[in-house]
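Please read the structure below before turning to the comments.
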Amino acid sequence: MAVERHEAVVVGGGIAGLAAAWALRDRDVVLLEAEDRLGGRIFSKKREPHWMTVGAHFIGGLDSPVGQIAEELGLEKIKAEGEMATVWMNGKLVRGGRFETYPFRLPLSLGGRISLIRAGLRLMMANRRVRRIIDDPLHGHQGFDGETVEAPGDPKLDGKTFADVLGKLHPQVESIMRTMVNRVTAETHEMSGHFGASVVGNLWADAAMLRETIPGGLGEVVDAMSARMGNRLVTGAPVDAVEHGPDGVTVRARQGGEDITIQADYVIMATPAPITRRMVSGLSEDKAAALDAVRYGPYIIMSAITDELGPMPYDDIYMVGVIDRSFCMFYNLMNPLRKAGQPRTPGGAINVHTGANQAAGQWDMTDEAIRDLYLADIEEIFPQTKGIVSEAWVHRWTHGYPFWAPGHLNHQAALARPEGRLHFAGDYVGYASTGPTSHSGYIAARAVRKALETA
Ligand SMILES: Cc1cc2nc3c(=O)[nH]c(=O)nc-3n(C[C@H](O)[C@H](O)[C@H](O)COP(=O)(O)OP(=O)(O)OC[C@H]3O[C@@H](n4cnc5c(N)ncnc54)[C@H](O)[C@@H]3O)c2cc1C
């Protein structure tokens with residue numbers, strides 16, 4: 001059996017692992033990825049001049065490592081200017097205006113309106129607590145610097161569920177809240193109050209910040225990194241076991257039907273928490289407990305290419321929250337291409353997705369059945385889409401999104417902490433988005449570099 005030696009091995013070729021390998025590319029580093037492609041939950045396909053994506057669509061922060069890498073690689077960035085605070089409910093598309101006006105504009109019963117106002121006030125108060133913590137410059141995480149991953153939260157809100165924070169809801173408002181949280185693959189009673197208040201409360205504020213993408217899709221960043229790093233990024237190489245000791249780490253993997261063993265000075269684990277937990281032996285008790293506590297929900301997503309010849313009613317919209325249909329979000333992926341004053345080019349691309357219990361309920365359906373179900377609902381919302389979808393790509397993510405369950409903050413420090421020669425990166429380590437995730441890879445790489453230089 002072949003035994004290789006390297007200074008550093010990165011396990012997992014999502015953006016966390018890629019950012020780590022990129023930051024160590026002047027050293028003796030190799031990245032092992034199980035699948036035949038790199039990118040993990042960044043997964044897009046070009047359909048010139050459009051693109052499809054079943055993973056991340058916006059760069060999670062231009063000042064983050066992934067944003068900086070895109071800059072360094074000379075990739076063009078474009079901005080979505082379309083509306084984000086748009087909701088479809090009971091046959092009505094409510095668009096524009098402030099979120100606070102929605103209790104009066106959505107098609108709700110009187111009881112529903114009162115319930116939404118009450119829940120909205122509770123949410124606003126909780127979100128104020130959340131913002132006080134995450135906007136605190138002392139935490140520094142938003143500047144993507146520092147030596148550790150910072151993911152602060154409000155301890156009081158962390159101790160309860162988001163359902164507790166919202167209080168008793170009218171069924172119509174329950175549907176609205178479910179739609180808002182299913183996009184992060186959880187239900188209101190599964191996630192902590194801190195997580196829910198930040199995900200829903202920041203929806204429009206964050207959406208306004210996260211609007212930059214790359215023409216061709218975020219897979220362009222992955223392809224450009226891969227072109228620069230060449231054969232140091234090894235695909236089709238699933239890692240089975242990682243054993244660490246005081247003098248080094250042994251990585252056991254398979255490649256082309258052969259077992260391979262790599263001896264490394266340091267290893268960066270950049271796989272989702274349950275996979276990391278399964279692969280690594282000899283973890284300390286609190287680290288193992290922290291990895292066990294990370295929760296993910298499922299996602300089902302469909303990306304579709306459309307062949308319209310003229311304008312569509314969603315040209316000025318980027319995102320629509322869809323209440324009580326087979327998916328919870330609709331996206332007009334090509335909104336960044338539609339610029340005021342410029343001619344509207346033919347064709348486009350749209351996305352819909354759902355998560356949590358709704359995705360679980362659809363999990364056993366065939367891709368064709370899911371496509372038909374989603375297309376029928378898209379057509380109800382936008383009848384102009386009838387007969388114009390020329391390609392549809394359905395994808396399922398088992399580990400869609402790591403959400404924070406109540407009590408998450410008790411584990412935060414252990415999640416980010418290295419164990420001897422092992423370092424940990426990934427979206428579960430801090431905040432789940434490509435920006436903070438790439439930052440977790442950079443932090444791990446920085447620590448490995450320091451250790452190598454000291455040695
Ligand atoms: C549908 C969807 C939309 C999203 N939209 C956005 C967005 O617009 N903006 C944003 O910033 N974020 C978005 N996100 C979140 C973002 O995509 C993720 O937070 C981020 O990509 C996760 O990166 P990661 O490297 O931690 O994990 P992953 O991307 O999951 O990478 C882990 C890698 O490890 C590999 N692996 C697993 N097991 C093994 C093994 N045994 N051996 C070797 N390799 C292994 C996997 O194949 C995978 O490639 C979205 C996520 C989803 C699912």
Side-chain angles (χ1 to χ4, degrees), residues 9-21 30-44 53-62 64-67 80 149 182-185 206-207 209-214 217-219 221-222 233-242 251-255 267-280 294 296-303 318-319 327-329 331 333 351-355 359 395-403 424-441 444:
V9 171
V10 179
V11 181
I15 194 61
L18 286 168
V30 67
L31 178 150
L32 302 176
E33 162 58 47
E35 302 284 331
D36 291 330
R37 63 167 195 92
L38 294 161
R41 277 169 281 160
I42 292 180
F43 195 6
S44 58
T53 175
V54 291
H57 33 129
F58 283 147
I59 298 177
L62 286 185
S64 69
V66 65
V149 175
N182 277 182
R183 59 184 266 281
V184 290
T185 72
D206 277 353
M209 288 186 319
L210 301 183
R211 280 175 176 265
E212 311 273 352
T213 189
I214 309 275
L218 291 198
V221 186
V222 174
L233 307 181
V234 184
T235 55
V239 171
D240 292 325
V242 175
V251 178
R252 300 189 196 284
R254 280 168 288 129
Q255 198 193 0
V267 165
I268 297 174
M269 296 301 305
T271 45
I275 302 177
T276 298
R277 171 77 170 97
R278 206 166 52 230
M279 265 190 280
V280 183
V294 179
Y296 293 78
Y299 241 131
I300 302 184
I301 182 161
M302 182 181 82
S303 195
Y318 189 79
M319 181 171 90
F327 48 81
C328 63
M329 288 284 158
Y331 297 92
L333 275 189
N351 263 30
V352 293
H353 68 67
T354 192
H395 191 82
R396 294 151 212 257
W397 297 105
T398 320
H399 298 114
Y401 205 94
F403 62 88
F424 298 83
D427 61 353
Y428 70 88
V429 170
Y431 296 127
S433 145
T434 55
T437 304
S438 59
H439 186 235
S440 74

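Order of listing sets the numbers, starting from 1, for every ligand and every atom in it.
Per-residue contacts place I301 under 4.0 angstrom from the following atoms of ligand 1 (heavy atoms of the residue considered): 1 (C). Taking a cut-off of under 4.0 Å to the non-hydrogen atoms of G426, the atoms of ligand 1 that pass are 26 (O). Atom numbering of ligand 1 starts at 1 in the shown order; those under 4.0 Å from a heavy atom of G400 are 53 (C). Atoms of ligand 1 found under 4.0 Å from any heavy atom of G60, numbered from 1 in the order shown, are 11 (O). The atoms of ligand 1 that sit less than 4.0 Å from any heavy atom of G39 are 29 (O). Numbered from 1 in the order shown, with element, the atoms of ligand 1 that lie under 4.0 Å from a heavy atom of L32 read 43 (C), 44 (N). For ligand 1, the atoms sitting less than 4.0 Å from at least one non-hydrogen atom of M279 are 41 (N), numbered in the order shown with element in parentheses. Atoms of ligand 1 lying under 4.0 Å from any heavy atom of T437, numbered from 1 in the order shown and given with element: 19 (O), 23 (O), 24 (P), 26 (O).
In terms of heavy-atom proximity, G12 sits nearest to T271 at CA-CG2, 4.1 Å. Looking at every heavy atom in both residues, Y296 comes nearest to D427 through OH-OD1, 4.2 Å. Nearest heavy-atom pair across L233 and A21 is CD2-CB, 4.2 Å. Of all non-hydrogen atoms in T434 and G60, the two that sit nearest each other are OG1-N, 2.8 Å.
Annotation: atom 52 (C) of ligand 1 to nearest protein heavy atom, Y299 CE1, 3.7 Å. Remark: minimum distance from atom 31 (O) of ligand 1 to any protein heavy atom is reached at G14 CA, 3.3 Å. Ranking protein heavy atoms by distance to atom 34 (O) of ligand 1, first place goes to G12 CA, 3.5 Å. Nearest protein neighbour of atom 25 (O) of ligand 1, counting heavy atoms only, is A16 N, 3.0 Å. Nearest protein heavy-atom contact of atom 26 (O) of ligand 1 is D427 N, 2.9 Å. For atom 38 (N) of ligand 1, the nearest protein heavy atom (residue, atom name, distance) is I275 CG2, 3.6 Å. When only non-hydrogen protein atoms are considered, atom 47 (O) of ligand 1 lies nearest to E33 OE2, 2.6 Å. Among protein heavy atoms, the minimum distance from atom 27 (O) of ligand 1 is reached at R41 NH2, 3.1 Å.
Distances from atom 4 (C) of ligand 1 to the heavy atoms of A20, P238, A56, G236 put A56 nearest. Here the shortest heavy-atom distance to atom 32 (C) of ligand 1, taken over A19, A270, S64, A253, belongs to A270. When T434, T271, L218, V429 are checked for heavy-atom proximity to atom 36 (N) of ligand 1, T271 turns out nearest.
A heavy-atom distance below 4.5 Å is not found between the side chains of V294 and R277. Using a 4.5 Å heavy-atom cutoff, the side chains of D240 and R254 are in contact. L218 is not listed as a side-chain neighbour of V66, based on a closest heavy-atom distance of 4.5 Å or more.
Ring planes of Y331 and H57: perpendicular class, angle over 60° (limits at 30 and 60°).
The main-chain N or O of A19 is never found under 3.5 Å from a side-chain atom of S438 such that the two would form a donor-acceptor pair. Distance alone, capped at 3.5 Å, places no donor-acceptor pair between the S44 side chain and the T53 backbone. With Y299 contributing its side chain and Y401 its backbone, the two residues share no donor-acceptor pair below 3.5 Å. Counting only distance, with no hydrogens or angles, the side chain of R396 and the backbone of P298 share no donor-acceptor pair below 3.5 Å. Between the side chain of W397 and the backbone N or O of V54, at least one donor-acceptor pair lies under 3.5 Å.
Inclusion of F58 in the set of residues having an N or O under 3.5 Å from an N or O of ligand 1 is warranted. Below 3.5 Å of separation, one finds no N or O of P272 facing any N or O of ligand 1. No N or O atom of G17 sits closer than 3.5 Å to an N or O atom of ligand 1.
Only backbone heavy atoms of V54 (N, CA, C or O) come within less than 4.0 Å of ligand 1; its side chain stays farther off.
Neither side chain, D36 nor T235, offers a donor N or O lying under 3.5 Å from an acceptor on the other.
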